[in-house]
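So the structure is just underneath, and the comments pick up after that.
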Amino acid sequence: MTIELRHQVLPEEQGCDAASLLSRLSELPKQRIKDAMSKGAVVLKRKHSKRLRRASEKLLAGDQLLLSYDADILSRTLPEGTLCLEQRKSYSIWFKPAGVMSQGTAFGDHLALLRQVELQLNKPVFLVHRLDRETAGLMLIAHTKAAAATLSKLFQQQQINKVYQAWVAGQTPPQGEIVTPLDGKPASTRFKRLVYDEKLNQSHLEITIATGRTHQIRRHLAELGYPVMGDPRYGNNNKNTAGLQLKAVQLSFECLERKQQVSYTC
């Protein structure tokens with residue numbers, strides 16, 4: 001069951017609690033609305049937009065409520081394996097398992113790494129880069145607005161080095177660079193072959209990217225004729241049952257607090 005409901009609170013509805021009003025409008029039991037709210041599926045727009053989790057929130061006339069209810073999504077649980085590698089005052093480093101989103105959608109954020117970090121550390125969280133849901137690997141999360149701004153700038157200036165590894169179909173050249181534009185924008189993907197498995201006809205690559213276009217590594221390698229194994233969108237998913245064989249294995253940058261180069265590897 002999927003329900004998308006948008007409602008502007010009327011003057012006669014002022015003072016009503018959010019869960020009761022949404023239950024009436026959606027004809028869903030109040031307990032289901034509370035569960036959806038706790039999982040981030042309700043947005044309140046007053047002066048600013050925010051996920052509304054407090055079921056007893058008293059509404060004001062003119063408030064806008066958005067309920068994005070998907071029973072299937074709300075019933076899902078997180079894959080195991082999320083791990084904190086480093087916790088600093090201004091940032092932390094996490095291993096994101098495959099199947100975990102970087103951030104939430106309108107239909108909730110309980111399956112997202114960002115929300116899990118917020119709950120585990122009880123600190124503000126700011127996303128400064130992303131990994132595809134199917135991609136496992138290292139992610140950097142900021143905990144202050146200043147740190148988020150600085151780290152975002154470092155990513156834009158390519159001062160944070162990201163290294164990926166992937167198993168792909170076929171025997172690739174020993175090394176290469178793919179520079180085909182993606183979505184009308186420049187894109188650069190460099191790779192080095194680490195191993196070629198003749199029996200499986202698969203190459204194990206180390207990959208770095210100078211840009212961060214959507215699904216860049218997967219699209220570039222598929223275009224070259226070496227799709228990432230297990231890729232459900234750009235490759236032959238039937239030849240691999242272990243999921244997408246792409247992982248972000250290293251992050252290197254200058255620590256904002258220690259002012260020295262740090263490197264994290266999984």
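Since this is a predicted model, take the numbers as computed values, not measurements.
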Starting from the C-alpha separation in whole Å, work towards a yes-or-no answer on side chain to side chain contact (heavy atoms under 4.5 Å, CB included) for Gln64 and His7.
CA-CA 6 Å; Gln64 292 185 33; His7 179 73; over 6 Å; no

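- Counting non-hydrogen atoms of other residues, nucleotides and ligands closer than 6.0 Å to CD of Glu27 gives a total of 12 or fewer.
- Taking a 6.0 Å sphere around CZ of Arg213, one finds it holds more than 12 heavy atoms contributed by other residues, nucleotides or ligands.
- Both Val100 and Ile73 are part of a single hydrophobic cluster, where members link through side-chain heavy atoms under 4.5 Å apart.
- For an aromatic pair to be called close, the ring centres must be under 6.0 Å apart, and Phe95 with Tyr264 fails this.
- Glu254 CD: more than 12 foreign heavy atoms inside a 6.0 Å radius.
- Listed by chain and residue number, nothing satisfies the salt bridge (Lys or Arg N to Asp or Glu O under 4.0 Å) test with Arg6 (two or more places apart in sequence, or in another chain).
- Between the side chains of Thr82 and Lys96, no donor-acceptor pair of N or O atoms lies under 3.5 Å.
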Please assess Lys39 against Asp109 for the test salt bridge (Lys or Arg N to Asp or Glu O under 4.0 Å), listing each intermediate value before the final yes or no.
CA-CA 6 Å; Lys39 293 176 178 176; Asp109 63 354; over 6 Å; no

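- Arg233 and Asp132 are not joined by a salt bridge, as no carboxylate oxygen comes within less than 4.0 angstrom of a charged side-chain nitrogen.
- More than 12 heavy atoms of other shown residues, nucleotides or ligands fall within 6.0 angstrom of atom CD in Gln260.
- Counting only N and O atoms by type, the side chains of Glu86 and Ser92 include no donor and acceptor under 3.5 Å apart.
- Among His220, Glu177, Glu206, the single residue meeting the side chain to side chain contact (heavy atoms under 4.5 Å, CB included) criterion with Arg190 is Glu177.
- Between the side chain of Ser188 and the main chain of Val179, no donor-acceptor pair closer than 3.5 Å is present.
- With respect to the salt-bridge test (charged N to carboxylate O, under 4.0 angstrom), the residues Arg219 and Asp231 do not qualify.
- Taking a cutoff of 4.0 Å between a charged side-chain nitrogen and a carboxylate oxygen, Lys45 and Asp63 do not qualify as a salt bridge.
- Aromatic pair Tyr91/His143: ring centres not closer than 6.0 Å.
- Using a 4.5 Å heavy-atom threshold, the side chains of Thr208 and Lys162 count as separate.
- Between the side chains of Ser56 and Asp17, no donor-acceptor pair is found at a separation under 3.5 Å.
- Note on ring orientation: taking the six-membered ring where Trp is involved, the planes of His129 and Phe155 are parallel (angle under 30°, cut-offs 30° and 60°).
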Indicate every side-chain donor-acceptor pair of residues 118-128 with a distance under 3.5 Å to a residue at least two apart or in another chain.
unit_1	atom_1	unit_2	atom_2	d
Glu118	OE1	Arg115	NH1	2.9
Lys123	NZ	Arg88	O	3.2
Lys123	NZ	Lys89	O	3.3

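- With hydrogens and angles left out, the side-chain atoms of Gln103 and Arg130 include a donor and acceptor closer than 3.5 Å.
- Side-chain contact annotation: Ser252 with Gln261, donor-acceptor N/O pair under 3.5 Å absent.
- Linking Ile, Leu, Val, Met, Phe, Trp and Tyr whenever their side-chain heavy atoms come within less than 4.5 Å puts Tyr164 and Val168 in one cluster.
- Atom CD1 of Ile207 and atom CD1 of Ile217 lie 5.0 Å apart (nearest 0.5 Å).
- Taking Glu57 as the reference, Arg46, Arg54 meet the salt bridge (Lys or Arg N to Asp or Glu O under 4.0 Å) condition, with sequence neighbours excluded.
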